[in-house]
> 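The structure's right below; bear with me while I get my questions together.
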Amino acid sequence: MINHREINKYMEQYPDEQVVEVAMQLWVKMSVEIVTIIGPDGFDALYKRSVILAEATSPWQESDTKEVQNYDIITLLKHSNGTQTPTQIRSISCLLLTTFSDILSSLIGDQLTSRILEVAWEGTVINQVRG
C-alpha cells in the first residue's frame, strides 16, 4: 500500500513552484481510475469524508471547513497559490491522498486499492520511490 511517507517523498522531489501542479496531477490520475469504478458521486463522497477525517490535523484547520468541503480538490489546489505555502500544500495533499486511499482500502481491500493507485500513478516517479 502506498503510504504518507511515499507520497510526501514523491512530492518533495519537486520545487515549490511545481507543488500545486504535481498534487493536481496525482489527484486527477487517481480520480480517473476511481470514478470508473464508483462513479463521480462515490468519488466525491470519499473525498468529502477524507476532508472531514483530516480536518483536525490539517493546515486549513483555522479556515472555514464547510467552505473547503464544498470544493473539489482541484479547485482547492488551484486557489491555494498565495493562500497556502508550498509546505502546507504538500501536507494537505499528502494527508488527503493518504486518508482517501485508507478509506478506499477499508471498502475494497488493500490489494485492489494498491493496484488502482499503481495503475493511476503509472508513469509517475511515485512507483520508483516505493523501491
Side-chain angles (χ1 to χ4, degrees):
M1 185 75 170
I2 294 172
N3 63 38
H4 185 274
R5 186 182 62 214
E6 292 167 337
I7 294 168
N8 194 42
K9 186 175 177 182
Y10 171 73
M11 291 191 64
E12 285 178 353
Q13 298 177 68
Y14 294 91
D16 289 351
E17 59 272 6
Q18 292 181 339
V19 170
V20 170
E21 181 182 333
V22 169
M24 285 176 39
Q25 287 174 2
L26 289 177
W27 276 101
V28 167
K29 288 178 178 193
M30 183 178 66
S31 69
V32 167
E33 293 300 318
I34 305 247
V35 165
T36 62
I37 298 169
I38 62 173
D41 291 339
F43 180 87
D44 289 345
L46 288 178
Y47 170 72
K48 287 181 181 182
R49 182 67 180 148
S50 299
V51 171
I52 290 167
L53 292 175
E55 176 184 5
T57 59
S58 67
W60 71 76
Q61 185 176 356
E62 295 175 9
S63 68
D64 183 3
T65 306
K66 288 187 186 349
E67 180 180 311
V68 173
Q69 290 177 28
N70 290 329
Y71 281 134
D72 61 65
I73 188 65
I74 303 304
T75 304
L76 177 65
L77 288 169
K78 283 182 181 175
H79 291 99
S80 64
N81 279 338
T83 60
Q84 303 282 344
T85 67
T87 300
Q88 289 172 318
I89 294 167
R90 277 188 188 98
S91 179
I92 290 169
S93 297
C94 292
L95 181 60
L96 284 175
L97 285 165
T98 303
T99 304
F100 187 97
S101 64
D102 287 348
I103 293 170
L104 185 63
S105 182
S106 71
L107 295 172
I108 65 173
D110 289 342
Q111 274 189 316
L112 187 52
T113 300
S114 290
R115 182 66 186 134
I116 290 168
L117 294 179
E118 286 170 7
V119 169
W121 294 337
E122 184 177 13
T124 64
V125 183
I126 201 160
N127 286 327
Q128 297 168 1
V129 168
R130 298 184 78 192

> Can you list the residues that meet the salt bridge (charged side-chain N to carboxylate O under 4.0 Å, His left out) rule with Arg49, with sequence neighbours excluded?
none

> Compare every heavy atom of Glu122 with every heavy atom of Lys29, then report the nearest pair and how far apart it is.
NZ-O, 4.3 Å

> Can you establish whether the number of heavy atoms outside Gln111 located under 6.0 Å from its atom CD is more than 12?
no

> Could you give the distance from OG1 (Thr98) to CG (Asp102), rounded to the nearest 0.5 Å?
6.5 Å

> With a 4.5 Å cut-off on side-chain heavy atoms, are Leu53 and Ile103 touching?
yes

> Quick one: CD on Gln18 to CE on Met24, what's the gap to the nearest 0.5 Å?
13.0 Å

> Taking side chain to side chain donor-acceptor pair (under 3.5 Å) as the definition, give me every residue that meets it alongside Glu21, ordered by chain and number, with sequence neighbours left out.
Gln25

> Using every non-hydrogen atom in the two residues, find where Ser101 and Leu117 come nearest and quote the distance to one decimal.
CB-CD1, 3.8 Å

> How many angstroms lie between atom CG of Leu104 and atom CG of Asp110, to the nearest 0.5 angstrom?
10.0 Å

> Which class fits the ring pair Trp27 and Tyr47: parallel under 30°, tilted 30 to 60°, perpendicular over 60°?
perpendicular

> List the atom of Arg90, the atom of Pro15, and the distance in Å for their closest heavy-atom pair.
NH2-C, 4.0 Å

> Give me the one residue out of Leu95, Ile92, Leu96 that meets side-chain contact (heavy atoms from CB on, under 4.5 Å) with Val51.
Leu96

> Please round to the nearest 0.5 Å and tell me the distance separating atom SG of Cys94 and atom NZ of Lys9.
13.0 Å

> So Ile37 and Ile108, do their side chains get closer than 4.5 Å, heavy atoms only?
no

> Quick one: does Ile38's side chain get under 4.5 Å of Leu46's, heavy atoms only?
yes

> Could you give the distance from CD (Glu118) to OG1 (Thr113), rounded to the nearest 0.5 Å?
11.0 Å

> For the CD atom of Glu33 and the CZ atom of Phe43, what is their distance to the nearest 0.5 Å?
11.5 Å

> Between Ser93 and Leu26, is any pair of side-chain heavy atoms under 4.5 Å apart?
no

